[in-house]
Amino acid sequence: MMLGPPGAGKGTQARQLRRKWDIPHISTGAMLREAVAAGTPLGRAVAGIMESGGLINDELITRVVTERLAQPDTKVGFLLDGFPRTIPQAESLDRIVSDRAPLIIIDIILTEAEVIRRLASRMVCSECGANAVGEGSRCIDCGGPLVPRADDREQVVLNRLKVYREQTEPLVEYYGKRPTYCRIDGARLPDDVTEEIITAVESQT
Ligand code: ADP
Ligand code: ZN
C-alpha cells in the first residue's frame, strides 16, 4: 500500500508498478471519481465531500475497499493507493489482509511546500485519470484531453494537507515499526522513485 501526502506521487508510481508486477492498481480516489462521474448513489453521496477535500466516512470507504479486495484478481497481490487514510481504516485493512502475505507499506515522503507547488500545476487525463507527464496536451496512456483536477484548487489543497496531517500522518506511527515499512524520498525524479520502491519491495519478498 502507498502512503504519503497528496501529490507525493502515489498514483504515478502505482501506475508504473502495476505494469512491472502485473497486479491491479486500486485507487480509492479514482474509484470515487468514477462513481461521481457516473452519478451512482455512492457518487452522489461523496461528491460534495471530495470537492471540499474532506474525507468520506470510514465505514463507507471501507465497504468499497472490502468489496474490491474480495475480487479474484487481487489474489496475486495488489497496489492500494488512497486507503487507508485514518487509523480505523488501517485497522480494518489489517483485518481484511490478515490471511494474506504481509502488507508492505511504501511511505512516499514530500514536503508541504513541494506538494503545493506540484498540485498547483498538475494536469490529469479527463478520460482515464492518469497524471500528465511531459509537455503534451494529451494523455500518453489513452490520448484523452488533460484538465486540472477539481480538488487541486489552492484552497482545497490546503484543506487536503490539513486533513492529511491530522488524520493520515498518524499512520506513520501506526506502521513505522513494522519490518515491512519502507520510507521513500518522493522529491526525486519519477523513474528514480520507481527504482527505489522496486528495490525496497523486492528486498521484502
Ligand atoms: P490525493 O491526491 O489527495 O491523494 P485521492 O485521489 O487519493 O487524493 O482522493 C481524492 C479524494 O477522495 C480525497 O480527498 C477524499 O475526499 C476521497 N477519498 C479517497 N480515499 C479515501 C479514503 N480512504 N477515506 C476517505 N476519503 C477518501
Ligand atoms: Zn488517459
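Just so it is clear, the values below take in all heavy atoms, side chains as well, and ignore hydrogens, waters and symmetry mates. First listed ligand is number 1; within each ligand, the first listed atom is number 1.
One distance of note links CG of Leu55 with OG1 of Thr86; it measures 7.5 Å at 0.5 Å rounding. For the atom pair OG1 of Thr74 and CG of Leu80, the computed distance is 10.5 Å after rounding to the nearest 0.5 Å.
An N or O contact shorter than 3.5 Å is missing between Ala30 and ligand 1 by distance. Polar contact check, Ile61 against ligand 1: no nitrogen or oxygen pair lies under 3.5 Å apart.
No donor-acceptor pair under 3.5 Å is formed between the side chain of Lys10 and the backbone N or O of Asp107. Under a 3.5 Å cut-off, the side chain of Thr40 and the backbone N or O of Val36 do not form any donor-acceptor pair. Side-chain N or O atoms of Glu114 include none that pairs as donor or acceptor with a backbone N or O of Ala187 at under 3.5 Å. Distance alone, capped at 3.5 Å, is enough to place a donor-acceptor pair between the Thr168 side chain and the Arg85 backbone. Proximity of a side-chain donor or acceptor of Arg160 to a complementary backbone N or O of Asp151 within less than 3.5 Å is detected.
Ranking protein heavy atoms by distance to atom 16 (O) of ligand 1, first place goes to Gly54 O, 2.5 Å.
Proximity to Gly82 (heavy-atom distance under 4.0 Å) selects the following atoms of ligand 1: 20 (N), 21 (C), 22 (C), 23 (N). Proximity to Lys10 (heavy-atom distance under 4.0 Å) selects the following atoms of ligand 1: 4 (O). Here is the list of ligand 1 atoms found below 4.0 Å of a heavy atom in Thr28: 19 (C), 20 (N), 21 (C). Close contacts of ligand 1 with Ile56, meaning ligand atoms under 4.0 Å from a residue heavy atom, involve 25 (C), 26 (N). The Arg149 neighbourhood of ligand 1 comprises atoms 1 (P), 2 (O), 5 (P), 6 (O), 8 (O), 10 (C), with distances under 4.0 Å to a heavy atom of that residue.
For Lys162 and Glu166, the salt-bridge test passes: some basic side-chain N is under 4.0 Å from an acidic carboxylate O. Ion pair Lys75/Asp99 not flagged as a salt bridge, since none of the NZ, NE, NH1 or NH2 atoms sits closer than 4.0 Å to an Asp/Glu carboxylate oxygen. Ion pair Glu51/Arg153 flagged as a salt bridge, since at least one NZ, NE, NH1 or NH2 atom sits closer than 4.0 Å to an Asp/Glu carboxylate oxygen.
Under 4.0 Å from ligand 1, heavy atoms of Met50 appear from its side chain as well as its backbone. Residue contacts with ligand 1 for Leu32 involve side-chain atoms from C-beta outward but no N, CA, C or O (heavy atoms, distance under 4.0 Å). When non-hydrogen atoms are compared, ligand 1 lies under 4.0 Å from neither the backbone nor the side chain of Glu51. Neither the backbone nor the side chain of Met2 has any atom closer than 4.0 Å to an atom of ligand 1 (non-hydrogen atoms only).
Within the set Arg160, Gln89, Arg33, the minimum heavy-atom distance to atom 10 (C) of ligand 1 is found for Arg33. For atom 5 (P) of ligand 1, the nearest non-hydrogen atom from the set Gln167, Arg122, Arg85 belongs to Arg85.
To the nearest 10 degrees, the Zn ion (ligand 2) sees SG of Cys125 and SG of Cys142 at an angle of 100°.
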